[in-house]
Amino acid sequence: MDLMEKIVSLCKRRGFIYPGSEIYGGLQGFWDYGPLGVELKNNIKKEWWKSMVYQRNDVVGLDAAIIMNPTVWEASGHTQAFTDPLVECKSCHHRFRADQLVGSQCPDCDGQLTEPKIFNLLTEVYLGSTEPKTKTYLRGEITQGVFVNFKNVVDSSRVEIPFGIAQIGKAFRNEITPGNFTFRSREFEQMELEFFVKPDENEAERWFLYWRQMRIEWYEKLGIKKENLRFREHSLDERAHYARKAEDIEYNSPFGWKEFEGIHHRGDWDLSRHKLTYKDYTPWVIETSGGVDRATLFFLLDSYSEVGDRVVLKLHPKLAPYKVAVFPLVANKENLVNKAKEIYKNLKSVTVTLTVTFDDRGNIGKRYYAQDEIGTPWCVTVDYQTLEDDTVTVRDRDTAQQERVSVSQLDSFFASKLN
Ligand code: ATP
């Protein structure tokens, strides 16, 4: 099995990610996050929000509606320019994105391809109960929700340029070729910052470089290996219709170096299209636009390792779905099980930053392995010594080393590890 197959299978088996609508045969480009996946994804979003909003005084948050007045998409240029070139094979009728094809023949059957057609990625929706219904779109990027609220935010909060608006939310694209697991989906989440600056090249350049650095460091701090990250500047012809300058942060994935975040200099494109100004000028925008699902996938890929026949997900503790698992050394000794349950309950109730799980199935070795595989950084085991001196063993996922910690200190022990 190659790494991608291992990750897809681990995700399904352990409850990270399932194919969407699976019992009805699935739906291409849609995925559901299971009990562990939702924790991992939430932790990524939490860390992003912490670094982009809570730890700063020049960024505020927003949560705009997914469906907007269709005029927004006319003004933003998306009904016209949010397109990919589509080609179809004349023999097998499979469809492809022309800009992603390597040769000039169909990659599936070597058949002849049609000339590229412009294909719009916006997903149409129809609203209302009487005909004709109002046609609008599921948002193709979360960005426009920020721009149309620019004036609201300026008028209702005490922001002054330079400042940013951060948002996390779902976006939808009718992708021609969804694939590579969650990498290219039709429904996905974005985490974006629109940072408004004075309309000045030096100012824009300074902030572009600043945010580009902040963003790559964020991934490094959360454990992505440096050698698997790089920047790639967009050439003129690949830039989106709104971008004056664009650089991607790419990850060295099993299917090649791939974008998972874009840093864009959008100039005054959006605000001037929406006829919005600040004081007597139209600000420029530096944008950082990342994908939550792509980040989730790359954090999983990057942390996957095998030690002998053991699978260890070396997720950063801040991202791990469970921080701590609590076990009794053996399952059929009531006093050990009760003590372990008591410790589990206490840990669960005293701290908000810990997610704790309990397991008393199988033998202790298997339980350690099961936690390694989902990235739990620490396992607490209650043994006979616990009953005598109120200490437990704490096993570290990455070193497999154990140390004895007193039960009353567990809470602060994990708190200090997590910070
Ligand atoms: P691509 O060239 O891969 O289609 P893009 O350049 O169109 O991506 P942007 O419009 O810059 O992507 O979107 C910003 C971020 O949103 C991307 O870096 C990515 O993380 C995420 N994203 C975009 N399209 C998808 C998708 N179909 N599935 C999952 N995530 C996506």
Side-chain angles (χ1 to χ4, degrees), residues 17 19-20 27-33 37 41 44-45 48 52 73 76-78 81-86 96-101 119-123 137-147 166-194 208 211-212 215-216 218-219 224 229-251 253 255-266 269-270 285-301:
I17 304 171
L27 185 63
Q28 211 192 359
F30 295 89
W31 299 92
D32 296 336
Y33 287 77
K41 198 152 82 121
I44 292 171
K45 291 190 277 186
W48 187 89
M52 302 300 269
W73 301 106
S76 68
H78 281 77
F82 195 52
T83 55
D84 279 335
L86 176 147
F96 307 95
R97 251 175 79 169
D99 58 328
Q100 289 181 342
L101 284 179
F119 178 80
N120 196 292
L121 300 176
L122 288 175
T123 315
Y137 309 94
L138 296 176
R139 62 184 175 193
E141 58 172 27
I142 63 171
T143 328
Q144 294 307 319
V146 169
F147 294 129
Q167 184 176 216
I168 298 177
K170 294 257 184 178
F172 302 81
R173 295 184 187 176
N174 197 0
E175 295 279 358
I176 298 167
T177 45
N180 287 322
F181 196 23
T182 55
F183 176 79
R184 189 171 301 286
S185 312
R186 288 180 166 141
E187 171 177 341
F188 54 95
E189 255 179 305
Q190 295 185 308
M191 39 191 187
E192 290 193 340
L193 171 75
E194 309 303 325
F208 188 95
W211 282 113
R212 162 191 194 279
R215 293 307 303 142
I216 203 156
W218 185 80
Y219 291 105
I224 298 236
L229 290 170
R230 74 170 189 195
F231 288 112
R232 191 181 64 83
E233 189 161 356
H234 278 205
S235 59
L236 243 181
D237 58 341
E238 33 164 0
R239 271 182 228 160
H241 62 279
Y242 52 74
R244 287 196 185 190
K245 180 179 161 110
E247 263 186 78
D248 289 341
I249 302 179
E250 292 190 332
Y251 180 74
S253 81
F255 43 96
W257 284 94
K258 293 288 173 193
E259 160 182 354
F260 66 126
E261 175 149 348
I263 318 295
H264 308 126
H265 174 356
R266 292 178 83 117
W269 169 267
D270 304 272
V285 173
I286 305 300
E287 168 186 74
T288 71
S289 173
V292 182
D293 310 80
R294 286 189 188 176
T296 305
L297 175 60
F298 293 154
F299 276 118
L300 283 167
L301 284 165

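Just follow the structure's listing: the first ligand is 1, and inside any ligand the first atom is 1.
Within the 4.0 Å heavy-atom cutoff, Glu250 does not count among the residues contacting ligand 1. Using 4.0 Å as the threshold, His264 has a heavy atom nearer than that to some atom of ligand 1. Using a 4.0 angstrom heavy-atom cutoff, Glu141 does not count as in contact with ligand 1.
Under a 4.0 Å criterion applied to the non-hydrogen atoms of Arg97, ligand 1 contributes the atoms 4 (O). Short contacts between ligand 1 and Phe260, defined as distances under 4.0 Å to a heavy atom of the residue, involve ligand atoms 18 (O), 20 (O). For ligand 1, the atoms sitting less than 4.0 Å from at least one non-hydrogen atom of Ser289 are 13 (O), 14 (C), 15 (C), 18 (O), numbered in the order shown with element in parentheses. In summary, the atoms of ligand 1 found under 4.0 Å from a heavy atom of Ser185, numbered by their order in the structure, are 26 (C), 27 (N), 28 (N), 29 (C).
Side-chain contact between Trp269 and His264 is absent, with no heavy atoms from C-beta onward closer than 4.5 Å. In this structure the side chain of Leu297 never reaches within 4.5 angstrom of the side chain of Phe260, judged on heavy atoms.
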Apply salt bridge (charged side-chain N to carboxylate O under 4.0 Å, His left out) to residues Asp248 and Lys258 and explain how you reach the verdict. CA-CA 9 Å; Asp248 289 341; Lys258 293 288 173 193; over 6 Å; no

Trace of the side-chain contact (heavy atoms from CB on, under 4.5 Å) decision for Arg139 with Gln144: CA-CA 8 Å; Arg139 62 184 175 193; Gln144 294 307 319; over 6 Å; no

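Residue, atom and distance of the protein heavy atom nearest to atom 22 (N) of ligand 1 are Phe188 CE1, 3.5 Å. The protein heavy-atom contact nearest to atom 19 (C) of ligand 1 is Arg294 NH1, 3.5 Å. Atom 3 (O) of ligand 1 has its closest protein heavy atom at Arg184 NH2, 2.9 Å. With respect to atom 11 (O) of ligand 1, the closest heavy atom belonging to the protein is Glu259 OE2, 3.3 Å.
Judged by the 6.0 Å distance and 45° axis criteria, Arg232 is not positioned over the aromatic ring of Trp257. A cation-pi arrangement is absent between Arg294 and Tyr251, since the terminal nitrogen or guanidinium carbon is not both under 6.0 Å from the aromatic centre and inside a 45° cone about the axis.
Annotation: His234 places no N or O atom under 3.5 Å from an N or O atom of ligand 1; distance criterion only. Remark: ligand 1 and Arg173 share an N or O pair separated by less than 3.5 Å (distance only, no angle test).
Scanning for salt bridge (Lys or Arg N to Asp or Glu O under 4.0 Å) contacts around Arg184 gives Glu175, with sequence neighbours left out.
Here the options are Glu261, Glu287, Glu192, Glu247, the test is salt bridge (charged side-chain N to carboxylate O under 4.0 Å, His left out), and the partner is Arg215; only Glu261 passes.
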